[in-house]
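Just below is one structure, and these are the notes that go with it.
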Amino acid sequence: MKLNSEEWFTEVYPDDGCALSLELSEKLHEEQTAWQKLEVYQTTGFGRLMLLDGCIMLTSRDNFIYHEMMTHPVLCMHPAPENVLIIGGGDCGCLREVLKYPSIKHVHQVDLDERVTWASMKYFPELCESNNDPRAELSYTDGVAFIEQAESASYDIIIVDSTDPVGQARRLYTEEFYRACYTGLSDNGILVAQSESPLFHKDLILSMRSRMADAGFNDTATLFFPQCTYPSGWWSASVAFKADRPSNYRSVDIETKYYNNAIHQAAQAMPQFMQDTDK
Ligand code: AG3
């Protein structure tokens, strides 16, 4: 449906007295799935926009930063990643990045909502270009139950590409869930989870890391990167290492748009206010 000019979508962040607006030109899709409200719009400046329950999940223009930072740093830190589990990530953006590595043997993407993948295939085909790779497996089921039932030491890397910690997704931020991930990971296994905005959600990031440590992980880290269409425009991913945190990482030898060796190092620098717990 073509929209009047001057029609804008606004995501309000009430806790922070702040909002972000994108100008829309067309509504491409709207449905209530079994799990959430799914909408896709054409914007005037950011390509296509996908919303879940009124929250921006991705735009064509800037999703590459998020998807690259959720995948490449951990793939380059693990000594020899072969088997990867993606929990959430139904738009297939992380899946595409992981499959860029020839050494990867199997990637299992487990998202609750099949309609997200349907919408991504239709409106963001560039993210789904590797969905038919024989190494990719897509399932639509509960990620928490899935990892709880997985055989131990099945995965080298687990990527949690979830929505904000509300509703169903809240369970993906618990110590219990991290414990199941720990068991599901092999000896050098690495868990990475999207961890919201450093500026707006510092306490969440710190508590995720302490829950990861309580679940048995040996060390944790946070990666910082810009994501201009998420709350505050500044985002993070938190990482938990089953073994020691590797001091080295492999140089990336695949094509990327944001990630490179210097970004790998820079993204790990902890801002001062994240270190001083009283600020
Ligand atoms: N996953 C993180 C979305 C969080 C955005 N939050 C918000 N807009 N309030 C996005 C999925 C991309 N694969």
Side-chain angles (χ1 to χ4, degrees), residues 9-22 33 35-41 43 46-72 74 84-99 107 109-121 123-131 136 138 140 143 158-170 172-173 192-201 204-205 208 222-238 258:
F9 165 75
T10 299
E11 182 177 340
V12 177
Y13 320 127
D15 294 345
D16 296 278
C18 180
L20 174 84
S21 297
L22 294 172
T33 75
W35 303 103
Q36 52 210 339
K37 185 171 180 197
L38 165 63
E39 293 162 88
V40 182
Y41 293 89
T43 71
F46 276 73
R48 287 176 173 171
L49 164 69
M50 183 192 283
L51 307 177
L52 289 177
D53 287 336
C55 290
I56 298 181
M57 286 299 114
L58 58 96
T59 76
S60 314
R61 188 166 179 186
D62 72 345
N63 79 80
F64 70 96
I65 304 177
Y66 177 89
H67 288 133
E68 291 189 11
M69 292 306 287
M70 288 291 287
T71 53
H72 302 310
V74 292
V84 176
L85 172 65
I86 299 168
I87 295 180
D91 53 64
C92 306
C94 287
L95 178 69
R96 181 186 70 167
E97 294 306 311
V98 175
L99 287 166
V107 191
Q109 178 187 290
V110 178
D111 195 292
L112 260 184
D113 197 343
E114 190 164 4
R115 297 301 291 167
V116 173
T117 304
W118 174 87
S120 193
M121 285 166 71
Y123 297 109
F124 298 86
E126 69 283 9
L127 298 182
C128 296
E129 62 195 16
S130 302
N131 287 12
L138 279 64
Y140 302 99
I158 299 177
I159 298 168
V160 185
D161 181 8
S162 68
T163 50
D164 298 337
V166 287
Q168 287 290 330
R170 208 186 279 277
L172 299 171
Y173 293 80
V192 58
Q194 82 88 7
S195 53
E196 309 280 304
S197 160
L199 191 67
F200 289 178
H201 314 111
L204 172 76
I205 297 173
M208 281 173 76
T222 298
L223 306 167
F224 301 90
F225 50 92
Q227 193 61 36
C228 65
T229 56
Y230 286 172
S232 87
W234 188 26
W235 214 245
S236 71
S238 291
Y258 182 74

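Just follow the structure's listing: the first ligand is 1, and inside any ligand the first atom is 1. FYI, side chains are in, hydrogens and waters are out, and symmetry mates aren't considered; it's all heavy atoms of this structure.
- Backbone and side-chain nitrogen or oxygen atoms of T163 are examined, and none is located within less than 3.5 angstrom of a nitrogen or oxygen of ligand 1.
- Look at G89 and you'll find every heavy atom at least 4.0 Å from all atoms of ligand 1.
- Summary of contacts: the protein heavy atom closest to atom 4 (C) of ligand 1 is D164 OD1, 3.3 Å.
- In summary, the side chains of T222 and S236 do not present any donor paired with an acceptor at a separation below 3.5 Å, with no hydrogens or angles considered.
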### Query
Could you go step by step and tell me if D62 and Y230 meet the side-chain hydrogen bond (donor to acceptor under 3.5 Å, both in side chains) rule?
CA-CA 10 Å; D62 72 345; Y230 286 172; over 6 Å; no

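- Counting protein heavy atoms only, atom 11 (C) of ligand 1 is closest to D161 OD1, 3.3 Å.
- Ligand 1 has at least one atom lying under 4.0 Å from a heavy atom of H67.
- Note that SG of C18 is 11.0 Å distant from CG of D15, once rounded to the nearest 0.5 Å.
- Checked against the 6.0 Å centroid threshold, F225 and Y258 do not count as a close aromatic pair.
- Here the shortest heavy-atom pairing between M70 and C94 reads CB-SG, 3.9 Å.
- The N/O atoms of Y66, backbone and side chain alike, include one that comes under 3.5 Å of an N/O atom in ligand 1.
- Protein heavy atom nearest atom 10 (C) of ligand 1, with residue, atom name and distance: Y230 OH, 3.1 Å.
- Inspection of the Y173 and S162 side chains reveals an N or O donor paired with an N or O acceptor under 3.5 Å.
- Considering both main-chain and side-chain atoms, W235 never comes within under 3.5 Å of ligand 1 through any nitrogen or oxygen pair.
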### Message
Let's go through V40 and L49 carefully: what are the C-alpha distance in whole Å and the side-chain angles of both, what is the deciding distance for side-chain contact (heavy atoms from CB on, under 4.5 Å) to 0.1 Å, and is it a yes or a no?
### Response
CA-CA 6 Å; V40 182; L49 164 69; over 6 Å; no

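- Residue nearest to atom 1 (N) of ligand 1, selected from C92, P165, S162: S162 (by heavy-atom distance).
- Considering backbone and side-chain N/O atoms, E11 comes within less than 3.5 Å of an N/O atom of ligand 1.
- For ligand 1 and D91, the ligand atoms under 4.0 Å from any heavy atom of the residue are 11 (C), 12 (C), 13 (N).
- No hydrogens or angles considered: nothing links the side chains of T229 and T59 as a donor-acceptor pair under 3.5 Å.
- In this structure, I56 CD1 and L20 CG are separated by 5.0 Å, a value rounded to the nearest 0.5 Å.
- For ligand 1, none of its N or O atoms has an N or O atom of M57 under 3.5 Å away.
- Of the protein's non-hydrogen atoms, the one nearest atom 8 (N) of ligand 1 is I56 O, 2.9 Å.
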